[in-house]
Amino acid sequence: MYLMVNFVQQEIENDLKEGKYSDGIHTRFPPEPNGYLHIGHAKSVCLNFGLAAHNNGLCNLRFDDTNPTKEDTEYVDSIQEDIKWLGFDWDDRKFFASDYFGKLYDYAVELIKRGLAYVDDSSADEIREMRGTLTEPGKESPCRNRSIEENLNLFERMKAGEFEDGAKVLRAKIDMASPNMNMRDPVIYRITRTHHHRTGDDWLIYPMYDFAHPLSDAIEKITHSVCTLEFEDHRPFYDWLLDSLDFDKNSRPRQIEFARLDLTNTITSKRKLRQLVEEKHVRGWDDPRMPTLSGMRRRGFTPAAIRNFCAEIGVAKSNSLVDIAMLEHCVREDLNENADRIMAVLNPLKVVLTNVDAGKVEWLTAENHPTKGGSRFVPFTREIFIERDDFMEDAPKKFFRLKPGGEVRLKHAYIIKCEEVIKDDSGNITELHCTIDPTSKSGGETAGRKIKGTVHWVSADYALKAEVRLYDYLLTTDEKGNLPEDFIGALNPDSLIVIENALVEPSVKLTGAGVHFQFLRLGYFVTDYDTTPEKLVFNRVAGLKDSWAKVKG
RNA sequence: AGGGGUAUCGCCAAGUCGGUAAGGCACGGGAUUCUGAAUCCCGCAUGCGUUGGUUCGAGUCCAGCUACCCCUGCCA
């Protein structure tokens, strides 16, 4: 299904070769429910579920909900919807770190009993000061050598609510002089009187990520715990914890880190995305300009396109910035294959075909797809609209479209010749008078005459009005990676252009939301959720590649 | 006395016993075309951060440099 030739897969194969994990491979996707999933998460979802599938194993969905101050059920719902939409299934293996709060507490008690954890009365500031710096070792807390009995007693009272928020923490007892800051007696439990979205007010103390994650992995019998590079420094603690609690080295989970996805022209910081939503720079989490999966879904990206993208960019450990052209290539590839073609005119220029009778309609046959076939009827009448860009009064030699005295083929219809250009008083072109070559009808016996240009069009009498939303990057092309804090000023003011009165052919009349089309010669579009029986609304997913734009400069 | 990572084409990325640099995107050229799309050809690293070394032979091994990323939350 996907190309799984990456270094993580190789590590798995090495483990298997060594006889480890003989019960099968088990991964997990562990989002924190504090925001919507975005394209960067898709990489992780594809990796974790893909690895499991490739190795005939399983992948769990586990919400890492250990910090109730930031998390919410709105996010757990959207995350599940997005993963399913992407095409992955956790079956009945949906878990929450909060499912394990009881067990986690017991493990913490066990750690205390083994003399490997202690309750510290120091304040957050004091702990920070005693931690030392990158180049200087830390100092041991005065509480570090409390007796096991006292620690047990204090920890139980922390749980029971005898102390204020922040008054005490539970810390692992490792090495305050370690060059790895994560090993300088990391905090593993804190007191926070916050309502949890699942456990309610049952708990006053919550485990930290570093403590909860390895144990949650172990409880679920995860074999390979794949995460991003910034957790590399946490791996020694991950191993220390499982070691200290006697988890078997041949079957316990192993953490492997890979580089997160960074995309040009794109904001992938959860915090910044939330800011865009909260300050209403976009219409919501599912605004089609957002790199969230819900935004991309609404924009018209397909699950297959995103999966292929994730497969094509690969998985490695070097920090990289992927060109968004790669993503666009993947949607075009999918939609070229699967989207039906229709004709739509975004910026209409009226054309009167002077040798066609007024009131006459000819229903022409139009293929839906150049290779997959299917067809529909398209009405042809005396008055039509073409794209304004398809006519030029003073055209350069390489302009294959319509010009005064020139000829062009109307797709699926006739060759027309421009006889007269009509202008208003200020010299603006208001309409064209053209004649058709009646012998040139598409598909007809005498249709063989070759004409360089072909243009799309729509009948003035039958065309449907539609709103078309054209999207561009939120960040203009110069923005590579590092965004300043005040990135709001760098937002592209033209990221959304609404065309209120576009015209589409009548065949799409009863189309609901989420249907893809290629507007011939314009790009790929999808009907938006705002579409109603009365009003069609289209989002542009991506434009077609345009070599004329390059010639034109 | 900080520690942990990463460096192969404009952007991703293969390269697993050292044997003479995959592929995709982008880009350029051509063919074809009732979408200036798609498709099809062709081109695109004497070069693998850098300097030395080992070797008949090094992207791959050794040593030293350099650059960039991450780490001093009671966030994940």
Side-chain angles (χ1 to χ4, degrees), chain A residues 3 5-6 10 13-14 30-32 34 64-67 69-71 120 122-124 127-129 131-138 165-171 178-184 186-192 206 208-210 212-213 227-236 257 259 264 270 311-330 332-333 336-337 341 343 367 370-371 398-401 408-413 415 440 442-443 447 450-456 518-523 543-552:
Chain A
L3 235 66
V5 284
N6 58 55
Q10 289 176 12
E13 285 168 17
N14 291 341
E32 184 189 11
N34 69 342
D64 232 325
D65 55 350
T66 55
N67 183 1
T69 62
K70 294 187 174 175
E71 297 149 6
D120 195 338
S122 309
S123 70
I127 288 179
R128 188 179 314 119
E129 274 166 35
R131 187 153 29 224
T133 68
L134 296 178
T135 52
E136 298 162 311
D165 285 12
K168 292 186 186 332
V169 290
L170 184 68
R171 291 228 257 168
S178 172
N180 182 345
M181 301 299 276
N182 297 299
M183 298 298 266
R184 317 243 265 226
V187 171
I188 57 179
Y189 261 94
R190 78 283 215 178
I191 306 172
T192 312
Y206 292 94
M208 300 288 287
Y209 166 88
D210 277 328
H213 204 88
C227 63
T228 44
L229 252 28
E230 66 270 26
F231 292 103
E232 213 151 14
D233 288 339
H234 296 238
R235 194 169 69 225
E257 313 83 11
T264 64
K270 256 192 195 178
E312 300 225 330
I313 58 174
V315 178
K317 292 193 70 161
S318 64
N319 288 113
S320 57
L321 179 63
V322 176
D323 194 330
I324 194 152
M326 188 83 91
L327 215 207
E328 291 166 354
H329 158 77
C330 290
R332 289 197 190 102
E333 188 179 45
N336 174 53
E337 179 70 18
R341 272 93 233 236
M343 293 195 288
E367 64 177 15
T371 57
K398 289 220 164 191
F399 187 79
F400 311 147
R401 284 112 96 146
V408 79
R409 173 172 290 281
L410 295 178
K411 179 74 179 175
H412 301 131
I415 293 172
S440 66
S442 293
K450 294 290 177 195
I451 231 66
K452 186 67 181 171
T454 300
V455 132
H456 58 94
Q518 185 197 98
F519 286 1
L520 231 47
R521 304 206 308 134
L522 294 175
L544 254 26
K545 284 186 139 188
D546 187 356
S547 52
W548 165 242
K550 283 171 191 164
V551 174
K552 202 170 53 172

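Residue numbers start from 1 in every chain, and the chains themselves are labelled A, B, ... in the order their sequence lines are given, proteins ahead of strands.
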For this session: Please work out if A:T192 contacts a base, only the sugar-phosphate, or nothing of the nucleic acid, heavy-atom cut-off 4.0 Å.
Result: nothing
Problem set entry | Closest-nucleotide 5' rank along RNA chain B - winner of A:I191 and A:R409 | A:R409
Exercise. What are the two closest heavy atoms between A:D233 and A:N180, and how far apart are they?
Worked result: O-ND2, 2.9 Å
Exercise. Quick one: does A:R341 reach the base of B:U35 with a side-chain donor-acceptor pair under 3.5 Å?
Worked result: yes
Exercise. Does the side-chain ring of A:W548 lie flat on the base of B:G36, meaning centres under 5.5 Å and planes less than 30 degrees apart?
Worked result: yes
Problem set entry | For the student: nearest non-hydrogen atoms of A:Q518 and A:L544, plus distance | NE2-CD1, 3.8 Å
Exercise. For the residue pair A:E32 and A:D64, what are the closest heavy atoms and their distance?
Worked result: CG-O, 3.4 Å
For this session: Tell me what A:A124 touches on the nucleic acid: a base, only sugar-phosphate, or nothing, going by heavy atoms under 4.0 Å.
Result: base
Exercise. Quick one: which of B:C75, B:G36, B:G4 gets closest to the side chain of A:F399?
Worked result: B:G36
Seminar exercise, completed: Under a 3.5 Å limit on both distances, the Watson-Crick or wobble mate of B:G43 is B:C27
Problem set entry | Selected nucleotide, minimal atom distance to A:S547 side chain, candidates B:A37, B:C75, B:G5 | B:A37
Exercise. Contact class for A:V551 (heavy atom, under 4.0 Å): base, sugar-phosphate, or nothing?
Worked result: nothing
For this session: May I ask you to verify whether the side chain of A:Q518 and the base of B:U35 hold a donor-acceptor pair under 3.5 Å?
Result: yes
For this session: Check whether any side-chain N or O of A:T371 sits under 4.0 Å from OP1 or OP2 of B:U39, and answer yes or no.
Result: no
Exercise. In Watson-Crick or G-U wobble terms, both distances under 3.5 Å, what is the partner of B:C68?
Worked result: B:G5
For this session: For B:C75, take OP1 and OP2 only and decide whether either is under 4.0 Å from a side-chain N or O of A:T69.
Result: no
Exercise. In Å and rounded to the nearest 0.5 Å, what is the CZ to CD1 distance from A:R171 to A:I188?
Worked result: 10.5 Å
For this session: Return yes if the base of B:G36 and the side-chain atoms of A:R401 contain a donor-acceptor N/O pair under 3.5 Å, otherwise no.
Result: yes
Problem set entry | Proximal nucleotide (of B:C75, B:G36, B:G15) relative to the A:N67 side chain | B:C75
Problem set entry | Sugar-phosphate, base or nothing in reach of A:S320, heavy atoms under 4.0 Å | sugar-phosphate
Exercise. Got a sec, which residues hit ring pair (Phe, Tyr, Trp, His ring centres under 6.0 Å) with A:F399, two or more places apart in sequence or on another chain?
Worked result: A:W548
Seminar exercise, completed: When both distances are under 3.5 Å in a Watson-Crick or G-U wobble arrangement, the nucleotide paired with B:U16 is none
For this session: Name the nucleic acid region contacted by A:G443, choosing base, sugar-phosphate or nothing; use a 4.0 angstrom heavy-atom cut-off, strictly under.
Result: base
Exercise. Quick one: which of B:C74, B:A76, B:A13 gets closest to the side chain of A:S318?
Worked result: B:A13
Exercise. Hey, does A:I313 reach any base, or is it just sugar-phosphate, or nothing, if we go heavy atoms under 4.0 Å?
Worked result: sugar-phosphate
For this session: Determine the interatomic distance between P on B:C25 and the same-named atom on B:A67; round to the nearest Å.
Result: 36 Å
Seminar exercise, completed: Between A:F231 and A:F519, the residue closer to the 5' end of RNA chain B by nearest nucleotide is A:F519
Exercise. Which part of the nucleic acid, if any, lies within contact of A:I451, taking any heavy atom under 4.0 Å across all strands shown: a base, the sugar-phosphate backbone alone, or nothing?
Worked result: nothing
Seminar exercise, completed: Picking from B:U35, B:C12, B:C71, the nucleotide nearest the side-chain atoms of A:M181 would be B:C71
Exercise. Taking only side-chain nitrogens and oxygens of A:R190, does any of them come within less than 4.0 Å of OP1 or OP2 of B:A76?
Worked result: yes
Exercise. Which part of the nucleic acid, if any, lies within contact of A:K168, taking any heavy atom under 4.0 Å across all strands shown: a base, the sugar-phosphate backbone alone, or nothing?
Worked result: nothing
Problem set entry | Residue-phosphate contact under 4.0 Å: A:R131 side-chain N/O, B:C74 OP1/OP2 | yes
Exercise. Do any side-chain nitrogens or oxygens of A:R128 fall under 4.0 Å of OP1 or OP2 in B:G73?
Worked result: yes
Problem set entry | Selection from B:U35, B:C12, B:G36 that lies nearest to any side-chain heavy atom of A:V322 | B:C12
Exercise. Taking syn as any angle within 90 degrees of 0 and anti as the rest, which one fits B:G73?
Worked result: syn
Exercise. Does A:S123 make a side-chain N or O approach to OP1 or OP2 of B:C74 shorter than 4.0 Å?
Worked result: no
Exercise. So A:Y209 and A:H234, would you call those rings parallel, tilted or perpendicular, with 30° and 60° as cut-offs?
Worked result: perpendicular
Exercise. Hey, does A:S122 reach any base, or is it just sugar-phosphate, or nothing, if we go heavy atoms under 4.0 Å?
Worked result: base
Exercise. Considering every strand shown, what is the Watson-Crick or G-U wobble mate of B:G59 when both distances are under 3.5 Å?
Worked result: none
Seminar exercise, completed: Answer for the Watson-Crick or wobble partner of B:C74, both distances under 3.5 Å, is none
Exercise. Base, sugar-phosphate alone, or nothing: which one does A:H234 contact when heavy atoms must sit under 4.0 Å apart?
Worked result: base
For this session: Determine the contact category for A:K550: base if any of its heavy atoms lies under 4.0 Å from a base atom, sugar-phosphate if only primed atoms, P, OP1 or OP2 are that close, otherwise nothing.
Result: sugar-phosphate
Exercise. With sequence neighbours left out, what residues match A:S320 under side chain to side chain donor-acceptor pair (under 3.5 Å)?
Worked result: none
For this session: Test for a donor-acceptor pair under 3.5 Å between the base of B:G3 and the side chain of A:D233, counting only N and O atoms.
Result: yes
Exercise. With sugar-phosphate meaning primed atoms plus P, OP1 and OP2, does A:K411 contact a base, only sugar-phosphate, or nothing at under 4.0 Å between heavy atoms?
Worked result: base
Just the atom pairs and distances: protein N or O near nucleotides 21-25 of chain B's N or O, under 3.5 Å.
{"unit_1": "B:G24", "atom_1": "O2'", "unit_2": "A:E312", "atom_2": "OE1", "d": "2.7"}

Exercise. A:H456 near the nucleic acid: base, sugar-phosphate alone, or nothing, with a heavy-atom cut-off under 4.0 Å?
Worked result: nothing
